[in-house]
Amino acid sequence: MRKKIKVGIPRAFLYYRHNVLWKIFFEKLNCNIILSPETNKEIVDIGKKYSIDESCLSSKIYMGHVAYLVDKCDYILVPRICDYGKNNNVCVRFNALYDIVKNLFPMVNILNYNIEKTKLKGEFIGFIKMGLKINKNIFKVIYSYIIAKIKEKKHNSMLMNKQINILKNNKLKILIVAHPYNIYDKYIGEPIIKFLKSMNVEILYADLLDRKIAIDYSYELSNTLYWTYSKELVGAVNYYKDAVDGIIFLTSFPCGPDSLVNELLIRKLNNIPITNILIDESTAEAGLITRLESFVDIIKGKKEKND
Amino acid sequence: MTKKITFPHIGSYYIPIKYLIKKTTLCEVIVPPKITKKTIELGSKYSPDYVCVPFKYNLGNFIESIELGANVILQAGGGCRYGYYAELQEQILKDLGYNIEFVNFIKNNRVSIFNIYKYVKKLNPKLNIFKYFYYLINTILMVIIMDKLQKNMRENMGFEVVENSFNEIEKKLFEELQGKINPLKLFRIYHKYKKEYKNCPINKPNDCLKVGIVGELYSIMEPYCSCFIEKKLALKGIEVKRFTTVTYLLLEKQHNIKRLLKKGKKYLKYHLGADATESVVLTEELAKKGFDGIIHIKSFGCTPELNAMPILSKVSEDYGIPIIYFSFDSQDSEVGIETRLEAFYDMIIAKKKK
């Protein structure tokens, strides 16, 4: 029997957005998937070594994950996203991920798809091209992509329904506005979620809202915004803002889009408690917890007063 | 209320911008005061703390010119975060209690000529499209002239015999450009000053030190932001080469990226965003041409240039060309930058002698 191809997927950045799509796609193509472990101190340290000290924490973590995978698999998946159509760009960091990884780790074989809708390069074409590299049967590749896409849709709507159910109960609710690669990351977001859960607070995630609805809602708060990922978050803030008791903005230092978008939102949303939390590789957990504790106390007091 | 228009500074390009606005709208134009320490202090006081420096400079410019009476602010930009500056700056100025009209020429992350025409037409109904294009062409010619002459200046300024002679010529040029102009006159001005630059006595050895400057556009084009790095290099007797000018950004860049990617395919497969592709490919080109060193400058946290930096280090390794990286923030000490430059200078001189 032929040996199965090992595909490495770094558990950072877009993994948290497309994990189901990627997993099912490669499984259907008969590949072994090697996922890097949850982010830990070691990975952050390796990532720091491989990146410029000014880059954002999330990208340092990404480099750490890639470095972990380098000698453990045949291919590493590094997508390159440029835009999802006119006026739907992404942070320029995603434009360059492929080239950075290629130059930092010249020995690595990279599996790569490119999304640049303004030049008519969509996700479908990208996946077919990528799939043909591992499997020569084009029908199998198309079939795997379609199955993966359907499963991803199902998975997303399941998560979103779960979130809508939370809205119905009467507990203290906090909306966390952060990119999925920050909030679901073990190193950046997990301590915060763990603490909030221990305070008996219901957490809503801004990225769990149907993306089309979110983008429609975003224009009310900002009409010149052109980063798709930020648009979705802004739309979610607009959608949920009346249903929650407080909002936490979580950012990795120094995130480019967030530096402007979060400031604008904080200035525009006047009658809701907001806290802005910046995390870099030397953030101390104790200080963070103190800030969160006092924030939760404030909104608790406010809620009791209103009831 | 009469409209008084203002715009952010970038290098000496306030001359053509002022000309275009004044001629097309017939309103009063307030050029912001020259950038000083006060500008950046004002700007960073009201900006989010980890935004990149051009945002702070622009905001400082706006506040200073509002205090001089301006009430219409023009902003344009694109590529990276630059495209999103306008909306937040408008919100900040409104929160500060200023009653201003903020005009944002950016649509779809791009500046469109017709957008500007539509707005200008509202202010000045007598304007027709032919006149508008006449003024626009004059403006573009002006920019091209400035860029061409300044290119010459950067190459030779370090070797002037009489101190400040190049600066004197530049001053005269700017004065003449601010007078009455038409395309023919601009043509004459160009030839006159080209001659004057040529006749300016210089003492240039054949094997002088050559350094290229690449990086983020604002730090490159606004001398205050980069602590006058070009002038400092000239004082040391170095020929400076840089590619980023307004001419390049407005007219050439759109058609250039494919060509650049082809040239730099050893390192790049895709466009890196904003000016990063240029940084990488031009560095490689200069290295091949035998330049002695590259200076890479950017403002703190500039993501596109951060994308370019790991690749630049590789270029540096492959070609053995020294690269120094400068990252400018709102609190730069000029002395620190001078020290680093000096060390770099000593290094490339030692390398050359070898």
Side-chain angles (χ1 to χ4, degrees), chain A residues 50-56 59 63 80-83 85-106 110 112 114 116 118-119 221-227 230 251 253-268 270 276 278 280, chain B residues 46-52 55 75 78-92 94-95 104 106-110 261 264 266-277 280 298-315 317-318 325 327 329:
Chain A
Y50 275 110
S51 30
I52 310 289
D53 47 357
E54 274 173 42
S55 10
C56 66
S59 83
M63 292 307 154
R80 187 255 183 181
I81 318 280
C82 183
D83 57 58
K86 216 174 169 190
N87 219 356
N88 270 314
N89 299 32
V90 296
C91 171
V92 283
R93 175 60 57 170
F94 295 108
N95 296 7
L97 267 186
Y98 172 85
D99 286 305
I100 297 176
V101 172
K102 186 91 202 164
N103 279 291
L104 282 178
F105 308 98
I110 293 179
N112 156 264
N114 178 22
E116 200 169 355
T118 47
K119 288 189 181 152
L221 281 177
S222 164
N223 48 17
T224 62
L225 188 58
Y226 52 81
W227 294 297
S230 296
T251 309
F253 180 85
C255 175
D258 283 3
S259 67
L260 299 168
V261 177
N262 286 2
E263 177 79 12
L264 187 84
L265 288 181
I266 290 169
R267 282 172 182 273
K268 282 208 167 163
N270 292 325
N276 188 14
L278 257 178
D280 61 9
Chain B
Y46 300 114
S47 307
D49 33 345
Y50 58 107
V51 78
C52 46
F55 185 96
Q75 174 68 295
C80 45
R81 303 184 228 196
Y82 214 150
Y84 196 61
Y85 277 11
E87 196 172 349
L88 181 57
Q89 280 168 341
E90 182 180 5
Q91 185 71 31
I92 290 175
K94 284 197 171 144
D95 285 351
N104 180 3
I106 306 152
K107 212 172 190 190
N108 292 337
N109 201 0
R110 216 169 246 154
L261 284 178
K266 190 172 161 196
Y267 299 100
L268 299 180
K269 186 172 174 192
Y270 299 115
H271 178 40
L272 299 180
D275 299 333
T277 309
V280 174
K298 67 165 200 312
S299 55
F300 175 81
C302 174
T303 324
E305 293 304 326
L306 280 172
N307 290 340
M309 277 164 79
I311 306 173
L312 277 180
S313 321
K314 209 174 165 217
V315 177
E317 238 171 65
D318 289 356
Y325 304 98
S327 181
D329 204 348

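Convention: sequence-line order gives letters A, B, ...; per-chain numbering from 1.
Atom NE2 of B:His271 is separated from atom CD of A:Glu116 by 8.5 Å, given to the nearest 0.5 angstrom. The line from CD of A:Glu54 to OG of B:Ser299 is 8.5 Å long, rounded to the nearest 0.5 Å.
Interface check for chain B: of the options A:Leu97, A:Asn88, A:Ile100, A:Leu225, the most heavy-atom pairs under 4.5 Å are formed by A:Leu225. Between chain A and the options B:Ser327, B:Cys302, B:Ser313, heavy-atom pairs under 4.5 Å are most frequent for B:Ser327. Ranked by heavy-atom pairs shorter than 4.5 Å toward chain B, the options A:Val261, A:Asn262, A:Asp258, A:Asn112 are led by A:Asn112. Ranked by heavy-atom pairs under 4.5 Å with chain A, the list B:Ile92, B:Asp95, B:Thr277 is led by B:Ile92. Interface remark: of the candidates A:Cys56, A:Pro106, A:Pro254, A:Pro254 forms the most heavy-atom pairs closer than 4.5 Å to chain B. When the candidates B:Ser47, B:Pro310, B:Ala274, B:Gly301 are compared by the number of heavy-atom contacts under 4.5 Å with chain A, B:Pro310 comes out ahead. Between chain B and the residues A:Ser55, A:Ser51, A:Gly256, the most heavy-atom pairs under 4.5 angstrom are made by A:Gly256. Put simply, of A:Asn103, A:Leu278, A:Asn276, A:Val92, the one with the most heavy-atom pairs under 4.5 Å next to chain B is A:Asn103.
For A:Arg80, the part lying near chain B is the side chain, with the backbone staying farther off; criterion is any non-hydrogen pair under 4.5 Å. If you measure heavy-atom distances from A:Leu104 to chain B, the contacts under 4.5 Å come from the side chain alone. In this structure, chain B has heavy atoms under 4.5 Å from both the backbone and the side chain of A:Asn223. Only the side chain of A:Phe253 has a heavy atom closer than 4.5 Å to any heavy atom of chain B. Both the backbone and the side chain of A:Leu260 come within less than 4.5 Å of a heavy atom in chain B. Neither the backbone nor the side chain of A:Ile266 comes within less than 4.5 Å of any heavy atom of chain B. A:Cys91 touches chain B through its side chain: at least one heavy atom from C-beta onward sits under 4.5 Å away, while N, CA, C and O do not. When heavy atoms are compared at a cutoff of 4.5 Å, B:Tyr325 does not approach chain A at all. The contact between A:Thr251 and chain B is made entirely by side chain atoms (from C-beta outward), counting heavy-atom distances below 4.5 Å.
Taking both residues in full, the closest heavy atoms of B:Lys269 and A:Asp99 are given as N-OD1, 2.8 Å, listed atom of the first, atom of the second, then distance.
For the residue pair A:Ser230/B:Tyr84, the side-chain donor-acceptor check at 3.5 Å is not satisfied. Side-chain atoms of B:Asn104 and A:Thr224 form no donor-acceptor pair, as typed in the model, at a separation below 3.5 Å. Counted by atom type alone, B:Tyr50 and A:Asp280 present zero donor-acceptor pairs between their side chains at under 3.5 Å.
Side chains of A:Val90 and A:Asn95 form a contact here, defined as non-hydrogen atoms less than 4.5 Å apart. Under the 4.5 Å side-chain criterion, counting only non-hydrogen atoms from C-beta, B:Leu306 is in contact with A:Arg93. For the pair A:Asn89/A:Asp83, a side-chain contact is recorded, criterion being any heavy-atom separation below 4.5 Å from C-beta on. Side chains of B:Lys266 and B:Asp318 form a contact here, defined as non-hydrogen atoms less than 4.5 Å apart.
Aromatic ring orientation, A:Tyr50 versus A:Phe105: tilted (interplanar angle from 30° to 60°).
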